[in-house]
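Following: one structure in structure tokens, then a few remarks.
Residue numbering restarts at 1 for every chain, and letters A, B, ... go by the order of the sequence lines. The analysis underlying the following values was restricted to heavy atoms, covering all of them including side chains, and did not include hydrogens, waters or symmetry mates. The model shown is predicted, which means the values in this text are computed figures rather than measured ones.
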2 protein chains.
Amino acid sequence: MDPVRRTPARRPTMKDIAQRAGVSESAVSFALNDRPGVSPATRDRVRRVAEQLGWRPSTAARALSGEGAATVGLVLARPAHTLGVESFFLQLVSGIQEVLARRHLGLLFQVVEDLGEECAIYRRWWAERRVDGLLVVDPRLDDPRPALLDELGLPAVVIGALAPGTPAHSGISTVWADDAGAMASIVDHLYGLGHRRILHIAGLPHLAHTQRRIRSLHAEAARRGLPDVHSISTDYSDTEGAEATRRALARPRPPTAIVYDNDVLAMAGLAVANERGLAVPGDLSLVAWDDSVLCRSAHPALTALVRDTSSFGRHAAEQLLSLLDGNPAREIQDDLPRLMARASTAPPPGS
Amino acid sequence: MDPVRRTPARRPTMKDIAQRAGVSESAVSFALNDRPGVSPATRDRVRRVAEQLGWRPSTAARALSGEGAATVGLVLARPAHTLGVESFFLQLVSGIQEVLARRHLGLLFQVVEDLGEECAIYRRWWAERRVDGLLVVDPRLDDPRPALLDELGLPAVVIGALAPGTPAHSGISTVWADDAGAMASIVDHLYGLGHRRILHIAGLPHLAHTQRRIRSLHAEAARRGLPDVHSISTDYSDTEGAEATRRALARPRPPTAIVYDNDVLAMAGLAVANERGLAVPGDLSLVAWDDSVLCRSAHPALTALVRDTSSFGRHAAEQLLSLLDGNPAREIQDDLPRLMARASTAPPPGS
DNA sequence: CCACAAAACTAATGCGCTTTAGTAGTCATT
DNA sequence: AATGACTACTAAAGCGCATTAGTTTTGTGG
């Protein structure tokens with residue numbers, strides 16, 4: 001009978017390498033970390049042995065001797081029912097990973113219900129020495145997280161702009177998309193088609209980018225003298241998107257164009273338009289913020305604000321690496337999203 | 001001038017607790033880990049001090065002294081362009097987290113391009129002692145991962161069934177959905193409506209559950225004597241979904257009902273039907289595997305196979321915890337998904 | 001009041017790595 | 001040939017925790 005190998009492959013340590021290579025453990029450490037103190041010949045030998053043994057440094061041991069945990073954290077605070085589809089996050093994460101992988105950094109990921117839990121996780125991770133840095137998403141008005149992370153001394157990159165007036169923190173970079181400019185380009189498009197009554201069905205009101213979009217919309221409306229331009233906040237869910245759309249269309253002078261803050265809301269809006277027998281774009285024009293399969297597969301295909309989310313994630317991760325390398329915090333702006341005109345926008349009825 | 005506190009809050013260690021409580025470090029360890037060797041009074045005192053100091057055990061130190069990394073891993077091997085929408089994963093992860101959080105286990109998450117990279121990550125994580133266990137998704141025909149993980153001695157739970165005939169591995173549990181039964185319920189529904197020519201636009205052909213669905217479909221067709229029932233594989237993308245639909249509808253005797261393996265494919269199929277002027281469900285019935293906002297917001301709303309993905313994730317995580325606790329591997333079956341009939345299915349034309 | 005066990009607590013070791021201090025060996029300089 | 005300056009290497013300590021072995025205190029029965 002085959003003797004079953006019960007011991008499941010021991011992990012090699014530096015001691016193993018040292019023995020095989022016939023040198024001390026310190027020499028191994030120097031050799032593998034490009035530190036001076038070993039001859040080129042020894043260095044090569046040690047490296048070969050390490051390679052051959054399939055050695056990898058124990059992150060625990062590394063972390064314990066002050067090298068950091070080789071991990072960055074990302075917490076997503078969204079009530080469970082809200083994280084339905086959202087192409088955004090998986091793409092963002094995929095971009096982030098691409099950059100982190102180059103340095104063999106792990107991504108510790110957690111989904112929680114609310115901001116309070118998120119802060120608790122940060123404290124926990126800090127105390128447990130689990131992460132070297134953080135990626136913070138969904139910045140809010142009056143956001144407690146930058147101050148907290150600064151206090152804990154955890155480098156972080158805020159993805160999406162902080163609200164204006166938020167004090168700068170030394171270890172915190174920001175990578176943001178120009179929501180104001182993007183909103184301006186949408187209004188441009190709709191105004192150019194002849195729309196004068198525009199509704200903006202926004203996302204969560206306490207998010208900083210929601211406010212930026214709302215402000216920009218109103219500024220653009222004011223600039224063009226449009227009185228009938230409003231924003232309504234939702235929780236990003238299809239339910240609230242549909243509800244808000246229904247109420248808006250029931251008004252005496254309904255909007256001729258609606259801008260939705262994400263693809264899910266837009267799809268829900270489209271469904272409501274269909275349900276009420278409104279032709280899109282004949283009777284009503286729709287625009288979605290963020291493109292996705294939903295927008296492309298919808299009938300009619302939705303005009304959408306296309307941005308390269310995965311590249312956004314890459315940039316954020318790059319900034320975090322830069323912080324971890326000891327570079328000063330920066331504030332960088334991502335590419336301006338591009339409005340992709342499709343079949344859901346046209347001149348308003350009677351024009 | 002305010003003296004700036006440059007030191008960003010030192011993390012308390014057991015030594016700090018020991019000093020404040022006036023006991024040795026060992027006593028602290030005993031007290032905090034419910035080990036015998038300290039009086040109830042001391043235990044309480046130590047705990048209070050720990051609480052007050054906001055102490056949390058350093059995972060690195062814990063891991064180094066043999067306690068495991070307090071982390072489980074999850075690798076998602078999907079080509080970047082494929083992970084478009086997919087409500088599935090975020091929900092799965094959210095369910096997983098719910099269970100892991102109770103034990104304060106972290107989730108190390110990674111997105112890679114292919115299976116080879118995924119295996120490399122497993123080896124790396126193992127060698128780096130980063131994870132205590134793994135959640136494996138997208139089981140395949142002839143899957144190398146169970147054997148690898150068994151060799152490495154990493155407990156794992158495979159989410160979704162392995163292909164039949166895969167040898168059992170001692171440290172590997174399986175949590176699977178009854179794809180065959182689900183497919184049977186879909187065929188039941190369609191056959192009951194009068195459909196005889198059914199097309200199945202499937203996902204990636206090398207995934208085990210894809211094969212299960214295909215087999216079940218053919219078995220059900222054979223049982224009812226339906227000759228014109230086929231499956232076509234895709235990569236789950238809207239592009240291939242649309243393409244496959246187009247080709248199928250161009251055939252001399254096109255199907256009267258199409259079953260799609262996910263919501264994205266189904267939406268793409270719906271768009272193609274619209275583009276060709278086919279009425280859904282009048283001319284063509286559509287069914288989506290997996291429900292989501294897409295299905296609910298589509299026009300007409302799509303009949304879909306609803307399953308509680310987040311509960312699926314919870315069950316998988318629970319199995320992993322059980323494995324980590326030293327319990328033997330198990331194979332458990334999740335609830336049978338439920339077919340939610342909506343507006344996209346009806347009797348075929350001319351019936 | 002003593003012997004002796006059990007309870008309460010401390011000291012010491014190890015996990016795998018980095019790093020500082022320390023020890024040979026090599027080479028050039030005067 | 002002796003001094004110093006490097007180079008190549010080894011020994012040892014420490015990171016924060018768990019754990020084992022060892023020590024002191026307390027409690028019990030005789």
Mind listing the side-chain donor-acceptor pairs of residues 136-145 of chain A below 3.5 Å, one per line with the distance, residues two or more places apart or on another chain?
| residue | atom | partner | partner atom | Å |
| --- | --- | --- | --- | --- |
| A:D138 | OD1 | A:R78 | NH2 | 3.3 |
| A:D138 | OD2 | A:R78 | NE | 3.0 |
| A:D138 | OD2 | A:R78 | NH2 | 3.1 |
| A:R140 | NH1 | A:H206 | NE2 | 3.4 |
| A:D143 | OD1 | A:R145 | N | 2.9 |
| A:D143 | OD1 | A:R145 | NE | 2.9 |
| A:D143 | OD2 | A:R140 | N | 2.9 |
| A:D143 | OD2 | A:R145 | NE | 3.2 |
| A:D143 | OD2 | A:R145 | NH2 | 2.6 |
| A:R145 | NH1 | A:E118 | OE1 | 3.3 |
| A:R145 | NH1 | A:E118 | OE2 | 2.7 |
| A:R145 | NH1 | A:V137 | O | 2.9 |
| A:R145 | NH2 | A:V137 | O | 3.3 |
| A:R145 | NH2 | A:D138 | O | 2.7 |

| Distance-minimising heavy-atom pair for B:P12 and B:L53 | CG-O, 3.4 Å

| request: State whether a side-chain donor-acceptor pair under 3.5 Å links A:S39 with A:T42. | output: yes

| Does a side-chain N-to-carboxylate-O contact under 4.0 Å join A:R56 and B:E128? | yes

| query | Would one find a side-chain N or O of A:S26 under 4.0 angstrom from OP1 or OP2 of C:dT18? | reply | no

| In whole Å, what is the span from the CG atom of A:L64 to the P atom of C:dC15? | 13 Å

| Could you give the CZ-to-P distance, from A:R11 to C:dG16, as a whole number of Å? | 9 Å

| query | How close or far is atom C1' of C:dC17 from atom CD1 of A:I17, stated in whole angstroms? | reply | 11 Å

| field | From C:dT18, C:dT10, C:dG16, nucleotide with atom closest to B:R129 side chain | value | C:dG16

| Between C:dG14 (C1') and A:E25 (CD): distance, integer Å | 12 Å

| query | For the residue pair B:P155 and B:L324, what are the closest heavy atoms and their distance? | reply | CG-CD2, 3.9 Å

| request: Ignoring backbone atoms, establish whether A:S29 has a side-chain N or O less than 4.0 Å from OP1 or OP2 of C:dT18. | output: yes

| said: For a quick test of reading the model, state the closest non-hydrogen atom pair linking B:F109 to A:Q97 and the distance between them. | reply: O-NE2, 3.0 Å

| request: On DNA chain D, reading 5' to 3', which nucleotide is the first and which the last to sit with an atom under 4.0 Å from a heavy atom of chain A, could you check? | output: D:dA8 to D:dG16

| Under-4.0 Å salt bridge between A:D16 and A:R11 | no

| message | Rounding to an integer number of Å, can you tell me how far A:D16 CG sits from C:dC17 P? | response | 9 Å

| Around B:R20, counting heavy atoms of other residues, nucleotides and ligands shown, do more than 12 lie under 6.0 Å from its CZ? | no

| task | May I have the distance from B:R130 (atom CZ) to C:dG16 (atom P), rounded to whole angstrom? | result | 17 Å

| message | Please classify the nucleic acid contact of B:M14 as base, sugar-phosphate, or nothing, using heavy-atom distances under 4.0 Å. | response | sugar-phosphate

| query | Which angle, to the nearest 10 degrees, lies between the helix axes at the two ends of the helix from C:dC1-D:dG30 to C:dT30-D:dA1, each defined by five pairs? | reply | 60°

| query | When the nearest nucleotide of DNA chain C is assigned to B:P40 and to B:G66 on a heavy-atom basis, which residue is associated with the more 5' position? | reply | B:P40

| said: Using heavy-atom distances to pick each residue's nearest nucleotide on DNA chain C, tell me which of A:E67 and B:G22 is more 5'. | reply: B:G22

| request: Determine the contact category for A:G37: base if any of its heavy atoms lies under 4.0 Å from a base atom, sugar-phosphate if only primed atoms, P, OP1 or OP2 are that close, otherwise nothing. | output: base

| Can A:R314 and A:E98 be counted as an ion pair, charged N to O under 4.0 angstrom? | yes

| query | Nearest of C:dC9, C:dT18, C:dT20 to any side-chain atom of A:R62? | reply | C:dT18

